[in-house]
4 protein chains.
Amino acid sequence: MGAKASRTEKHILAKAREIFSKKGFKNVTMQDIVDACDISRGGLYLHFSSVEDIFLAVLKAEDSIGSDNEASSKNVEGEGDYLDGISVSTKLSASDRFAAFLKEQKRFILRRKDGLSLALMEYYSGHNSSPDNNYIKGRFDDCVHTIEEIVSDGALSGEFECEDVAGFARNLAYVLEGLKTMATVVSISEQTVDKEMFYILQGIVPVDQYINN
Amino acid sequence: MGAKASRTEKHILAKAREIFSKKGFKNVTMQDIVDACDISRGGLYLHFSSVEDIFLAVLKAEDSIGSDNEASSKNVEGEGDYLDGISVSTKLSASDRFAAFLKEQKRFILRRKDGLSLALMEYYSGHNSSPDNNYIKGRFDDCVHTIEEIVSDGALSGEFECEDVAGFARNLAYVLEGLKTMATVVSISEQTVDKEMFYILQGIVPVDQYINN
Amino acid sequence: MGAKASRTEKHILAKAREIFSKKGFKNVTMQDIVDACDISRGGLYLHFSSVEDIFLAVLKAEDSIGSDNEASSKNVEGEGDYLDGISVSTKLSASDRFAAFLKEQKRFILRRKDGLSLALMEYYSGHNSSPDNNYIKGRFDDCVHTIEEIVSDGALSGEFECEDVAGFARNLAYVLEGLKTMATVVSISEQTVDKEMFYILQGIVPVDQYINN
Amino acid sequence: MGAKASRTEKHILAKAREIFSKKGFKNVTMQDIVDACDISRGGLYLHFSSVEDIFLAVLKAEDSIGSDNEASSKNVEGEGDYLDGISVSTKLSASDRFAAFLKEQKRFILRRKDGLSLALMEYYSGHNSSPDNNYIKGRFDDCVHTIEEIVSDGALSGEFECEDVAGFARNLAYVLEGLKTMATVVSISEQTVDKEMFYILQGIVPVDQYINN
DNA sequence: AATGAATGAGCCTTCATTCAT
DNA sequence: TATGAATGAAGGCTCATTCAT
């Protein structure tokens, strides 16, 4: 809760994250977290006052690390290791950035075990929180924005052909959202995701740009 | 639970449906249902043995009525009143059927108050049920199938132009799923839905085919 | 809680009364009452929702029975058995009524085991309730009023001599309150009470009127 | 606990006193005291081992200072500033001392915010301590004794007329106790207290002796 | 069939007290 | 001496489920 999360708090948040990704939000009890953390009831309350409190802290930690989130275009720039044989110091092409973005999304969709999608839905669906501080809405908007940026860059450089960039970005974002939803409920194969991304890419670009991992 | 649902059971299911659509699945208690049904605790247990039991019965009833679901192409045929001035006995054009389908989807997305989306997600997310008897998966597949059917009909009749019907159907289905997800968590305007559907339609058909309600 | 207290509720209130008189208010837990009543946790909550709820119900029951309260002049009229050899049908003299009143007060002070004084003090001291619905204030005012009534009757009939009836009544009421307070904290002997009442009576009446029990 | 209360201990007791006077005894937690004292949990335990321990220490400090207690005749002697225009070095008259005593009692009754009455009641009511070391009993006896002393002096000097000094003293002490009780539960006005004291004084002395502050 | 009082397990939260630093 | 994180017992409340009537 403080500026510097103590070792204990980090430990709690890590364990709690696992639990939320496994059980969603509504089913998680303080007891679950106590058990997982090997901590006492009172000890947990010393750091967090409710499951909600913990969940929000998990989300905040999530943001500051970015480990689970969409790879922002910025991140990608500095993290050439995600891509094969591309110099870190070089400005990445739009195609590369798009490929990286999709790869990240795919990872997110497939490894739903690590994901908080369900917990997020449960939390916000029962919360009518203002759209402003709604994590899911924010995530969606970020996603749209990232796509727009990449695609419009690619359109300028001639890599992509796309008349309605905004429309394309929204369309893709909804497809990704739909895939995430399905993934929380049904197990989805890599092929399924690939097939879908391939379909979308066809609309703007020669296919060989999209490199499978 | 017997073969024929008694009057009492129908009443219980109707009330329970309202509750599930309002509160999702995990938050609903037997007490909630007892209160809403003006029935005794014991009386309820005479018919259903748990909240889950009731929820499953609601879903089953849902299917046999189809009131909340996607309008299947079959349904649409028989329900000319959804469309303007089209004789019930006439075989509808693909465009009309597609318009009706989208209109139904839009209704479903916007009136999430009547919907069981959240309850479904909560139920199946905590259930790892086999894909076969997974309601959401089934709904998605039905949706894809309906779209394929309509669009391939339209392609034959020259109303639509679409090379990859299967791809288009899946794409649209995921977008719809994404919209449904967002709608359970953020309030979504009619314009938002319209814009999205319009974008997709552009891909296969002249716009004037899509009639707003 | 309803109009007719069920057998169970009566049982709970009776047991709870014992507990309150023994432990006051603040120390009493739902668990205490559960244990004393041989009832389940849930069962208790079926009837009462908190210790406070139960305490208030005890007070209400108290009032409607009047077993623990000051003998009102009305009560005394019909209850000749409290006095020695006085015909029930006869209108009692002021002296007799005063004797009865004091006897009742004495009983109340001495049998503090049965009394709710401490519980009342604890409850209202932490409650800043409006004076109107304050049980202790009401009890005090009733007490003053009863004394005034009796003494002014006695003054008219020549049994008592008292110039400032209101002052006398208040004075006596405070003394009684002081005795009740002391009794909750220190054990007080019958002699102590007698001595005090005797002293006060001297102020208005020849002593032989006051008959010890 | 030590022979000489350290600076820290004095600080703790002062803060604790405030808390007890505000919240009584049963509601006070170690945490309350820790918070008020700007001390650590462990630090507090270094000095006192429980809330009860602290409370008892507060009472002991109280006695040795006498700040909250009845003004003993001795105290009054040295505190001429409570009385108007009477030389400190002069032996005070019984009337003056009685006036001072009553003024002090009035202050105590009215400013119950500063008082420990409630805390005392709560503490001793749950303690069945022997009458000997019972603070309330002691306070009461002191009060009676002080009154007796003053009034018998006044009787000798002709200032008061009182046949039964002991009876009068007890009577007044109980009235004061009753007033204190009522004050902890109902808010009591200055007029109410004045009226009561005036009534009692009439019994032994011409009224103009009693000077209002 | 129907009732609703009763049960008891389970989760929430608070607090006195301890203990490693 | 002093700190404050950690502990665990205790009490509050809710809910699925049972059962005598």
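Convention: sequence-line order gives letters A, B, ...; per-chain numbering from 1. Computed from heavy atoms alone, side chains included, the values below leave out hydrogens, waters and symmetry copies.
Across the interface with DNA chain F, nearest-nucleotide mapping of C:Val51 and A:Arg41 shows A:Arg41 to be the residue nearer the 5′ end. The residue among B:Thr29 and C:Asp32 whose nearest nucleotide of DNA chain F lies closer to the 5′ end is C:Asp32.
Within the 4.5 Å cutoff, side-chain heavy atoms of C:Lys15 are placed close to those of C:His11. Side-chain contact between D:Ile54 and D:Met30: present, with at least one pair of heavy atoms (C-beta onward) separated by less than 4.5 Å.
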Bracket string, DNA chain E, 5' to 3' - pairs by Watson-Crick or G-U geometry under 3.5 Å, | interstrand: .||||||||||||||||||||
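Taking atom CG on B:Asp53 and atom P on F:dA16, their separation rounds to 14 Å, with Å as the unit. Distance CE (D:Met30) to P (F:dG4): 16 Å, rounded to an integer number of Å. What separates NZ of B:Lys23 from P of F:dT14 is a distance of 13 Å, to the nearest Å. The CG atom of C:Leu46 sits 13 Å away from the C1' atom of F:dC13 (whole-angstrom rounding). Atom CD of A:Gln31 is separated from atom P of F:dA9 by 13 Å (rounded to the nearest Å).
Partner B:Val28 forms a side-chain contact (heavy atoms from CB on, under 4.5 Å) with one of B:Glu52, B:Lys23, B:Lys22 and no other, that one being B:Lys23. Only one option out of C:Leu59, C:Val51, C:Leu120, C:Asp32 pairs with C:Phe20 in a side-chain contact (heavy atoms from CB on, under 4.5 Å); it is C:Val51. Exactly one residue among D:Asp53, D:Ile33, D:Leu56 makes a side-chain contact (heavy atoms from CB on, under 4.5 Å) with D:Phe48. That residue is D:Asp53. Remark: of the listed residues D:Ile12, D:Ile19, D:Leu13, D:Ile12 is the sole one forming a side-chain contact (heavy atoms from CB on, under 4.5 Å) with D:Cys37.
Checking side-chain atoms of A:Tyr124 against main-chain N and O of A:Ile136 turns up no donor-acceptor pair under 3.5 Å.
Here F:dA16 is the nucleotide among F:dG12, F:dG4, F:dA16 with the atom lying nearest to any side-chain atom of B:Tyr45.
Ring geometry for A:Tyr123 against A:Phe25 counts as perpendicular: the plane angle is over 60°, on a 0 to 90° scale with 30° as the lower cut.
E:dA1 sits 23 Å from F:dT21 when the P atoms are compared, rounded to a whole Å.
Taking each heavy atom of B:Gly24 and B:Ala119 in turn, the nearest pair found is C-CB, 3.7 Å.
First and last contacting nucleotides of DNA chain E toward chain D (any atom under 4.0 angstrom from a heavy atom, 5' to 3' order): E:dC15 to E:dT18.
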